[in-house]
Amino acid sequence: SEPLLMVRFTKKSPPDLITFTKERLVDSGIVITTEEGGGLGRKDPGVVLGITTNQELLEMEAESIHLIKPTKPDKTWGKVGIMELFTVDDRDEFVNIENEPDQTFFSSAEQSMLVNVVLESVTVLKNGELSNNLSRKLEELGVPLHVSNSDSDGMIKSRGISIFSHDRLLHVLLEHNYVDVVCPLHGGHRSERKAITSDSFNFFTPLPIEKIRAYYGDGIALYFAWMDSFIYWLLIPGFVGLGIFFLRKYENAAHGWNRTVDDCIYTPFFGLVMFIWAILFLRFWNRRENLLAYKWGCFEGGGYGYNSFSAARPEFEGVMKRNEITGLMIKYYSPKLRMLKYIGSAIVTAFLLACAFSVMILSLNLQGYVNPAHDETRWEGKTHPFYFPRLADLAEEGQIFDMQDTIRSLIPVILHVSSVIVMNTCYRSVAEKLTDWENHQTYASHENSLILKRFLFEAFDAYLILFYLAFFECDIAKLRSELVSMFNIDVFRRVALTYVVPKILQLLQGNKEKADVGAAKKNDITPADIPDDLRMSNEANWDGYEQFDDYLEMVIELGYVTLFASAYPLAAIIAIMANQVEVRIVALKLSSVTRRPMPLRQGNIGTWNTVMTAIIWMSALTNCLIFGFSSRQMMQWFPSLYTIAEDGDQEYVAGKGDEAVFIIFAAERMLLLIGILIVMIIPIVPNDVLIKVEHRNYVNAEEARMSGSNQE
């Protein structure tokens, strides 16, 4: 049978360690279907095992992790689509169980996940064993092992340091760098991959979410479902923004005006539309998210039970402490100590953010945005705190970064974007180290902490220059110019870094492997010495897939579209076209550039929902401030509050400033009130899901009652 997972040993793994590991895996019910020697001429010629297991063990593990599957109507008194915890005893009551010989009851992703669960449950020692060949070899290599026994009083005795996860074989091998790759295989699933890729590249049909979920699992499918919703919802502000753009062009031509976003009378309404749109988008996405979670058996409400994303991390460290509930010894880490580490992480992050702010100020000077001469009234007799004349002079007419020249003015923008990429790459490594240092117990808490750090830093890089221009310089023309430049350059950057660059590197690696094999043949190495199939070894050398970057880029884009809607109404329509390409490139990257990610049971997109919520609610304030302070939009609607100064800038009429501020913040509070009403009116769990959950609970309660009556 085809292997479902591959496990790659590093070159430091002794042959007898690999042999003993294989024996232990086979003894635990794992089937080793394929073994490759890593290829010839590689820098890291590790042994790669292809593994699977039998249907019986898959079903047992499905029950142990509380896998949820759809039941047949006769199980739920005729109602279709009811989800239930899978049990081996009741296996015949589940949909498609009769297709078990064809291995279609569990999807490809579920099979890979279950085999991984089996693999992670294998211990170095079997129950009752004190040592074996594998444990003796590990001890010889200096790997500490842990044995726990229970005496007649139920007290726990330990030899060595008894740590929950370190007796798991896979965790031991990963922690001590004897194994470096564990992931599902692409090979053997060519038809599934081809169907996903071809369907994804059909621009006129929805993304194949169910096929993606069956092959990659819930976590990846949720990303594509979110992108699918995002793209279609963007059609509303996209066409509204396009309409405002053409309406302004028409009126300018008809009346001889020269209005821009700075004094357009329609653009403020676009900011209003964008906030309401964003609240509705997030609300309806949450509804779809819960609908998919129920359909996929990951719904967190209704008494269902398990999420593999919250499993314990093998890297978690702590002292042994007795669990007051179970009486067993568990690892414990002081919350106070972790809080101190949080403070340390915050200090490091704040320092790096200050460095990023300094780079931004230098970039603004090079682009000619910081110059007291642009607002002489404001800076008369004052020193601009961020003005560096030697740098700012380079943006003057005829200089190297002449801001009036179309080409030369882009150079500092490209330099700024490049510096942002470099800083983000550096901070990524720092954030990972800080998060590891914080010593999180579960994958979920570790991932959430990492997401928060990286998003704060990268959002700071992306938005700070825009906030500075909008609310410090109060110059919507500069804001729009910078927003357009950054937004458009970022589109091309995403395409290049998402697929083109990784694919080129992969092709170069593939050509080198072919050259290695050719050189081996020229050196009279026999065909038997050259592996016939290097499929697993080649896949193991591919880069791992990191979903964070794909989410981050889209959430940053959501910020561009919503936070600064009044400055760039066309951003939404451009985002639609960019995202249509982006999501398909990600699908192509997953199938041909990166290793197949380990499927995760995930009922929502986690912290990203929180991040989007913060951005959307903040957009009410930013668009009102742009309307009232950063542009002349408010003056078009309340001309009695303003007057034009000698230098051409708008000023409040004497005694009218308080009234203007009141209008601005009243508008912001009105938007917030509308948002709260939308949240109150539209529930995030569809009624259909609630009915099915309640029906399932009712059927189970009735069956339990009837079972109790029969026993009496």
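Note that the coordinates shown come from a computational prediction; the quantities given were computed from them, not determined experimentally.
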Decide whether Ser481 and Tyr369 meet the rule of one side-chain donor and one side-chain acceptor closer than 3.5 Å.
yes

Please tell me if the side chains of Met227 and Asp550 come closer than 4.5 Å, counting only heavy atoms from C-beta onward.
no

Nearest heavy-atom approach of Pro412 to Ser363 is O-OG, 4.1 Å

Identify whether NZ of Lys or CZ of Arg in Arg259 sits under 6.0 Å from the centre of the six-membered ring of Tyr266 and within 45° of that ring's axis.
no

Could you report the tightest heavy-atom contact between Ile231 and Ile576, atom names first, then the distance?
O-CG1, 4.2 Å

Is the backbone of Leu588 close enough, under 3.5 Å, to the side chain of Ser591 for a donor and an acceptor to pair up by distance?
yes

Can you classify the ring geometry of Phe455 versus Trp608 as parallel (below 30°), tilted (30 to 60°) or perpendicular (above 60°)?
perpendicular

Are the side chain of Trp277 and the backbone N or O of Trp233 linked by a donor-acceptor pair below 3.5 Å?
yes

List the atom of His186, the atom of Arg193, and the distance in Å for their closest heavy-atom pair.
ND1-CD, 3.3 Å

Phe224 ring center within less than 6.0 Å of Tyr216 ring center:
no

Please check if any side-chain donor atom of Thr607 sits under 3.5 Å from a side-chain acceptor atom of Asn448, or the reverse.
yes

Donor-acceptor pair, distance only, cut-off 3.5 Å: does the side chain of Asn365 make one with the backbone of Leu391?
no

Could you tell me how the ring of His384 sits relative to the ring of Phe386: parallel (under 30°), tilted (30 to 60°) or perpendicular (over 60°)?
perpendicular

Determine, for Asp549 against Arg454, whether the closest basic-nitrogen to carboxylate-oxygen distance falls under 4.0 angstrom.
yes

Taking the six-membered ring where the residue is Trp, are the ring centres of Tyr223 and Tyr551 under 6.0 Å apart?
yes

Can you establish whether the number of heavy atoms outside Ile400 located under 6.0 Å from its atom CD1 is more than 12?
no

Are Ile615 and Leu563 close enough that some pair of their side-chain heavy atoms sits under 4.5 Å apart?
yes

Donor-acceptor pair between Ser449 and Lys453 side chains, under 3.5 angstrom:
yes

Met577, CE: over 12 other non-hydrogen atoms inside 6.0 angstrom:
yes

Check the pair Ser429 / Lys433 against side chain to side chain donor-acceptor pair (under 3.5 Å), numbers first and verdict last.
CA-CA 6 Å; Ser429 176; Lys433 287 182 171 60; 3.2 Å; yes

Min side-chain heavy-atom separation Leu207-Asp199 under 4.5 Å:
no

Between the side chain of Ser630 and the main-chain N/O of Ala470, is any donor-acceptor distance below 3.5 Å?
yes

Counting C-beta onward and ignoring hydrogens, is there a side-chain heavy-atom pair between Asp461 and Tyr427 closer than 4.5 Å?
no

Write down the atom of Pro599, the atom of Pro184, and the distance for their closest heavy-atom approach.
CD-CG, 3.7 Å

Aromatic centroids of Tyr463 and Tyr560 separated by under 6.0 Å:
yes

Any chance the rings of Phe564 and Phe467 have centres within less than 6.0 Å?
yes

Side chain Glu582, main chain Met554, donor-acceptor under 3.5 Å:
no

Side chains of Gln580 and Arg584: is there a donor and an acceptor less than 3.5 Å apart?
yes

Just jot down the salt bridge (charged side-chain N to carboxylate O under 4.0 Å, His left out) partners of Asp218, sequence neighbours excluded, or say none.
Arg213

Parallel, tilted or perpendicular: ring planes of His446 versus His440, cut at 30 and 60 degrees
perpendicular

Donor-acceptor check, side chain of Arg338 to backbone of Glu438, threshold 3.5 angstrom: yes or no?
yes

Flag yes if more than 12 heavy atoms outside Phe239 fall under 6.0 Å of its CZ atom; otherwise flag no.
no

